[in-house]
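Below is one structure, written out as structure tokens, with a few remarks after it.
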Amino acid sequence: RGILYMKREHWGSQLAFVLAAAGSAVGLGNIWKFPYLAGKNGGGAFLLLYVLCLIIVGLPLMLVEILIGRTAQKNVVSSFREIKPKSPWFLVGFIGLLAGFLILSFYSVVAGWSLEFLYQTAAGTYWFDDTISEQVRNDKVAAIFGNFISDYHRPLMWHCVFMTLCIVVVACGVKNGIEFWSKILMPMLFGLVLILIARVYFLEGSGGGYSFLFSVNWKAIWNPKVVLDAMGQAFFSLSLGMGAMITYGSYLDPERSLPRSAVFVVIADTAVALLAGLAIFPAVFAFNLEPSAGPGLVFSTLPIVFTKMAGGRIFGTLFFASLLIAALTSAISLLEVVVAYFNEEYKMGRVKTTVVLAIIIGLFGIPSALSFVAPSAACPLGMSQMKIPFPGGAKTFFDLVDHMASNLCLPLGGLLMCIFVGWSWGKDKVMKSASQGAEWFATHPLGTIWFNLVRFVAPLIVTLVFIYSFKIISFTNEGTLVFFKGWF
């Protein structure tokens, strides 16, 4: 094992690991998905439930994944083989591999949208002639997103550009690639978002956004739909269940404190989500726009905000640059999960492995990019009219891949990891490994609480998220329970 530690790349410091792991956790889910879910679910009530779910589920699972990776010092599949030889637990690693492959294929498409909007905002595309009415101008700005995703040229181009950026970072390795860029991009992300927060604070009418985000509607707290949405967001925003934290944990030296590292990563991830809310909602309320705009909040509503704001072209560019950085730091961890496995198992060499796998993932992502394009003579492969039958309702290729990865692979992987650590590995071995670098943890009440959360509470909550995401159960906006909605 000593030889193994010397040969394997490691993070240069605990700070480097925290920045890289936080970069993995911080992604489109924080800046794109969290604000629109908070907007849809009443703001403050959703935020409170989200934080509680992070403490009860997110943090324990984060520690689980980092623990598995650091203990084994191997890729996501071989980690389970190392800890429990001659057992089928290694199959959990393949679930993580599949999740990373599927998610990156469509994640790169959405990240490409941020590249397009970064370019268009910097170029001033949304700033129309003031002679037209405000409503017409708003409609024109909001329509830009729909026009963009229905045109196959640019989404495919930006998809390829983004995958190329991922190749450049991952091909350089752990220290010279992922760690180097994480140290640059993560502080830059926080800095850009803080600049945006400072700007929107001085907008007239912005106070409504702060009230919306921090005032708790106690009735919504007890709405099962809001609770389950918060559970799902807490789980998915931390990149859990896909093996990214196992892979990053495998590059962590054994003397580093795992509890401290996990706490720092969760705090950083939560901070970015909260800061995104502080940058978005005050601006939305200042211009009397709708906070519950759903997935289009970032790509349809915010461009309207920037056209109305003094200096909006500059601040809009900064916002979409933040979105791009968040997407890139998360995407490189997805690619690293797959690259680490094939590079270590088949000795292909990091550069060759990265390029080949990125090309394969990029090609698989093409149907997702075309899922919003109508078939035509120019693009006969347009897939917007193709709906794939699925329990709970027919889906586009994009939605199907997203659903299979996010709603099947991730919660299933997270559930099995909880069972592995809580019931199969052995409590004494788990606590001994977790306390390396933090000797107090094995005998401290916090260690006992963590193990019991992993063993009993987290599996139950993840199971609820799983059956909810597959619409085995669902709830109306009033909180009424519905079974198998849309299945038949």
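Bear in mind that the values here come from a model prediction, so they are computed numbers and not experimental data. Counting from 1, the numbers follow the sequence of the chain as shown.
Proximity of a side-chain donor or acceptor of S105 to a complementary backbone N or O of G365 within less than 3.5 Å is not detected. Side chain of S371 to main chain of P367: a donor-acceptor pair is present (N/O by atom type, distance under 3.5 Å, no hydrogens or angles). Proximity of a side-chain donor or acceptor of S108 to a complementary backbone N or O of H159 within less than 3.5 Å is detected.
Both cation-pi conditions hold for R455 and W423: the charged atom is under 6.0 angstrom from the six-membered ring centre and inside a 45 degree cone around its axis.
Using cut-offs of 30° and 60° on the angle between ring planes, the pair W113 and F145 is perpendicular. Under the 30°/60° scheme for interplanar angles, the aromatic rings of F441 and W450 are found to be tilted.
For Q73 and H10, the side-chain atoms include at least one donor-acceptor pair closer than 3.5 Å. For the residue pair T71/S433, the side-chain donor-acceptor check at 3.5 Å is satisfied. Looking only at atom types and distance, the side chain of E179 has no donor-acceptor partner in the side chain of W11 under 3.5 Å away. Judged purely by distance below 3.5 Å, without hydrogens or angles, the side chains of S78 and E345 pair a donor atom with an acceptor atom. For Y251 and E336, the side-chain atoms include at least one donor-acceptor pair closer than 3.5 Å. Checking W440 against S435 by side-chain atom types alone, no donor-acceptor pair falls below 3.5 Å.
Contact check for W425 versus L67: side-chain heavy atoms found under the 4.5 Å cut-off. At a threshold of 4.5 Å between non-hydrogen side-chain atoms, the residues F94 and F90 count as touching. At a threshold of 4.5 Å between non-hydrogen side-chain atoms, the residues T353 and Y346 do not count as touching.
Summarising the geometry of A21 relative to M245, their closest heavy-atom pair is O-CE, 3.2 Å, with the distance given to 0.1 Å. Here the closest non-hydrogen pair linking L61 and G414 is CD2-O, 3.8 Å. The heavy-atom pair separating T396 from K387 by the smallest distance is CG2-NZ, 3.2 Å. For the residue pair V26 and V272, the shortest heavy atom distance occurs at CG1-CG1, 3.6 Å.
Aromatic ring centres of F299 and Y36: separated by at least 6.0 Å. Residues F372 and F398 bring their aromatic ring centres within 6.0 Å.
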